Amino acid sequence: MTSLDIKSILSKEAGPHPTETRVRFAPSPTGYLHVGGARTHLFNWLYARKTKGKLILRVEDTDQVRSTRESEEMVLKDIASLDLNPDEGPGFGGDYGPYRQSERQEIFQMLAVSLLAKKKAYRCFCTEEELDSKAKAAKAANKPPHYDGTCTHISEEQSQKRAEAGEKFSIRMTAPQKDYHFEDALRGTVTFKPGMVGDFVVLRSNGMPVYNFSVVVDDYFMRITHVIRGDDHLSNMIRQLMITEAFGWKIPKFAHISMILGMDKKKLSKREGASSVHDYLNAGFLPEALINFLALLGWSPSDGKEIRPLDEIVNDFDLERLNKSPAVFDDEKLLWMNGEYIRAMSTEDLLPRVLPFLEKSGYNVATKPKEWLLKVLAAVQGNLKVLADINAHVDIFFDTKFTFEQDAKTMMQASEAKKVVQVFRQEIEKIGEIQSESDLQKVQTAVKEQTGTKGKNLFMPMRAAVTGKLHGPELKFVMPLIGQKETLRRIDLSLDL
RNA sequence: GUUCCCUUCGUCUAGCCCGGUCUAGGACACCUCCCUUUCACGGAGGUAACGGGGGUUCGAAUCCCCCAGGGAACGCCA
């Protein structure tokens, strides 16, 4: 498929309008999916599910310098990882495609030219350099950096002639100077006064549309019924309203949601090297926890129960319940929530998710029986906030990763401690494999009686010798899992410290 | 400079539309205690907020006005 069937796309205008809700997420592919974008996508997804409508994913790749196909793939992959796939979009099918704006150029061009014919727009032959210096001058004079109207004075024939002569031009919309207003689901009636914008470009000299033009056109032809997007687009509405009006179209419903800020209260920005979905997933956050957390940024459940499965969020979701003010993305709370999700999982479900992290860190998990791994997991599950934390907790169970931490070494250097461990060793040899808590208790009681130590002085040396650390899971879990042989080996090591 | 949006504990928020039930509720974080001869988990408490000023009203977080602060747009970026 090479050329676009404009006729069929345009003919949809005359066709029946869908009765279902149609929302869209429209990222520009310039990197990984950002958590802010993910949240916008999520809200659209939730609204689509809630209203039993369709979610469209549209790629806004009209900026050919910044947009890449690789980025598009990354974004799509991140969305798939979150299990929030759209109903229509590149690779998803749908009757309103193509879903990449770069592939819809002809529509934009045709429509921009029709604006020319309607005298709602004109050709602008100004070069970028000219415009640049004009804008700078205006700014320096503390005037609004609007277009100065140079090309409005060019006559019809002149304009035509210059275009035919091959001179480069952009198509610039004449901005009517009057009030514009629209209803926003969150913010009520928003009114724009005249003077906010000057004549603006809708079609670049390279034939690509400009954002404000392409959104309006695509939202219209893709039959979008509700636009849920970040409120950084709110002040763009005036231009979009002008374009809509020029075509005589009806506008969809709008909900401009608040932005997500970083801990510094500044807008989260890709340039600041932050927070893509990809990064969070790599760090061991669970998609379901990330989604749950994101949903709570700007939206709140009617009953206050924060941790809940997606389908409950869908049921409870409502545009009316969205918060208008920006929200700071708090990693601490995400961390807590992720830990809650991890703890709520069965070890059976958790194991496959944790395995990749273990493998990456060089644990020889492949040689270990599953039953053993499940028990190890159970012993440390409560300590995990992110999946990657597993690496730091599980080393005591693997012979190859076993080492003494400094504070454990220091403790073992005391003769008191060595005495305890020596007796401990004898008792373990006597009893054989530790199978149960009572086995261990017998051993510990014997050590206590023979050495006369108790409390911390009794228990900590045993812990230090067996695990190489002063803290960690209970010995009654650790010892059966590492076995007598390894236990004795470690004890001997500790005695040499 | 002009225009638009926002403003409740450190953070996420409930309450605001339909003023009294708000001595402002919940969650994260923090602190204390309990559980535990470790760590974590868990349990019980605690500290902590209506940006400021004017109105309206018997009564305002809630309604009105002004101010301040923050954000956004004014681009052939999205």
Side-chain angles (χ1 to χ4, degrees), chain A residues 26-28 30 60-63 65-67 101 124 126-128 131-132 135 138-139 141-147 168-172 175 184 186-188 190-198 200-212 214-215 230-239 256 258-259 261 263 265-267 293 296-307 320-321 323-337 339-340 343 379-385 389 393 444 454-460 463-464 467 469-475:
Chain A
S28 57
T30 56
E60 310 222 322
D61 55 352
T62 55
D63 181 350
V65 179
R66 297 200 304 148
S67 304
Q101 289 189 325
C124 177
C126 295
T127 65
E128 287 198 55
L131 293 169
D132 211 46
K139 194 127 199 173
N142 231 338
K143 283 185 185 155
H146 295 166
Y147 180 61
K168 285 261 182 200
F169 64 90
S170 63
I171 295 182
R172 197 177 277 278
D184 188 272
L186 272 79
R187 293 159 212 281
V190 179
T191 309
F192 300 98
K193 294 211 174 69
M196 196 174 167
V197 295
F200 56 95
V201 169
V202 293
L203 198 77
R204 286 180 255 237
S205 52
N206 68 2
M208 273 292 183
V210 149
Y211 166 75
N212 283 299
S214 53
V215 251
D231 73 6
D232 48 338
H233 292 292
L234 196 51
S235 19
N236 285 144
M237 268 306 284
I238 184 165
R239 264 163 297 183
H256 286 92
S258 60
M259 315 280 322
L261 311 177
M263 285 308 278
K265 299 240 179 188
K266 292 266 191 303
K267 186 177 160 184
F293 175 75
L296 259 21
L297 256 29
W299 173 82
S300 58
S302 52
D303 62 1
K305 200 181 135 218
E306 294 191 330
I307 295 188
E320 304 294 306
R321 285 191 70 77
N323 198 124
K324 288 184 284 198
S325 45
V328 172
F329 190 100
D330 182 8
D331 281 309
E332 285 291 345
K333 187 158 182 176
L334 208 211
L335 234 24
W336 162 78
M337 186 170 280
E340 293 290 310
R343 257 164 263 129
V380 302
Q381 186 171 15
N383 293 65
L384 309 182
K385 288 211 189 296
D389 286 345
H393 291 281
Q444 288 175 329
K454 56 182 178 175
K456 231 176 153 180
N457 294 332
L458 172 66
F459 289 94
M460 289 313 266
R463 164 174 296 284
T467 69
K469 299 181 189 200
L470 263 26
H471 53 79
E474 296 186 44
L475 287 185

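Please read all numbers here as calculations on a predicted model, not as lab measurements. These numbers come from the heavy atoms of this one structure, side chains and all, not from hydrogens, waters or symmetry mates.
Within the nucleic acid shown, A:E306 comes within 4.0 Å of at least one base atom, counting heavy atoms only. Using a 4.0 Å heavy-atom criterion, one finds that A:T191 contacts the sugar-phosphate atoms exclusively. A:P326 comes within 4.0 angstrom of the backbone, heavy atoms only, and of no base. Nucleic acid contact for A:Q381: none, since no nucleic acid atom lies under 4.0 Å from a heavy atom of the residue. Using a 4.0 Å heavy-atom cutoff across all strands shown, A:L131 reaches at least one base atom of the nucleic acid. In this structure, A:R187 reaches the sugar-phosphate backbone alone: every heavy-atom distance under 4.0 Å involves primed, P, OP1 or OP2 atoms, never a base. Base engagement by A:S205 is indicated by at least one non-hydrogen atom pair under 4.0 Å involving a base atom. Within the nucleic acid shown, A:G298 comes within 4.0 Å of sugar-phosphate atoms alone, with no base atom in reach, counting heavy atoms only.
In this structure, A:N323 reaches the B:rA14 phosphate: one of its side-chain N or O atoms is under 4.0 Å from OP1 or OP2. At the phosphate of B:rC5, neither OP1 nor OP2 sits under 4.0 Å from any side-chain N or O atom of A:K324. Here A:S258 does not reach the OP1 or OP2 of B:rC5: none of its side-chain N or O atoms lies under 4.0 Å away.
Distance from the side chain of A:S28 is smallest to B:rA78 among B:rC12, B:rA78, B:rC5. If you check B:rU38, B:rC4, B:rC74 against the side chain of A:R463, the one that comes closest is B:rU38. Here B:rC4 is the nucleotide among B:rC76, B:rU7, B:rC4 with the atom lying nearest to any side-chain atom of A:F192. Checking B:rU37, B:rC4, B:rA78 against the side-chain heavy atoms of A:K193 singles out B:rC4 as nearest. Distance from the side chain of A:D330 is smallest to B:rC28 among B:rC76, B:rC28, B:rA78. In the set B:rC76, B:rC28, B:rA78, the nucleotide with an atom closest to the side chain of A:R172 is B:rC76. In this structure, the nucleotide among B:rG26, B:rG1, B:rA78 sitting nearest to the side chain of A:H233 is B:rA78. Considering only side-chain atoms of A:M460, the nucleotide from B:rC4, B:rA78, B:rU38 that sits closest is B:rU38.
A gap of 8 Å separates the P atoms of B:rC50 and B:rG10, to the nearest Å. B:rG26 and B:rC66 have their P atoms separated by 36 Å, given to the nearest Å. B:rU11 and B:rC30 have their P atoms separated by 16 Å, given to the nearest Å. One P atom belongs to B:rG42, the other to B:rC28, and the distance between them is 9 Å to the nearest Å. Across B:rU8 and B:rA27, the matching C1' atoms stand 15 Å from one another, rounded to whole Å. B:rA14 and B:rA24 have their C1' atoms separated by 10 Å, given to the nearest Å. The separation of B:rC22 from B:rA29, taken at their P atoms, amounts to 27 Å, rounded to a whole angstrom. Remark: the separation of the P atoms in B:rU47 and B:rC64 is 34 Å, to the nearest Å.
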Give every pair of a protein N or O atom and an N or O atom of nucleotides 33-35 of chain B that lie under 3.5 Å apart, one pair per line with the distance.
none

Could you list, one pair per line, each protein nitrogen or oxygen that sits under 3.5 Å from a nitrogen or oxygen of nucleotides 41-52 of chain B, together with the distance?
| from | atom 1 | to | atom 2 | distance (Å) |
| --- | --- | --- | --- | --- |
| B:rG42 | OP1 | A:E340 | OE2 | 3.1 |

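When rounded to the nearest whole Å, the span between NZ of A:K456 and P of B:rU38 equals 9 Å. We find that CD1 of A:I238 is positioned 12 Å from P of B:rC5, with the value rounded to whole Å. Distance CZ (A:R66) to P (B:rG75): 17 Å, rounded to an integer number of Å.
Of the nucleotides present, B:rC28 is the one that pairs with B:rG10 by Watson-Crick or G-U wobble criteria, both distances under 3.5 Å.
Counting distance only, with no hydrogens placed and no angle test, the side-chain atoms of A:N236 and the base atoms of B:rA72 include no donor-acceptor pair under 3.5 Å.
Distance OH/A:Y147 to SG/A:C124: 3.5 Å, rounded to 0.5 Å.
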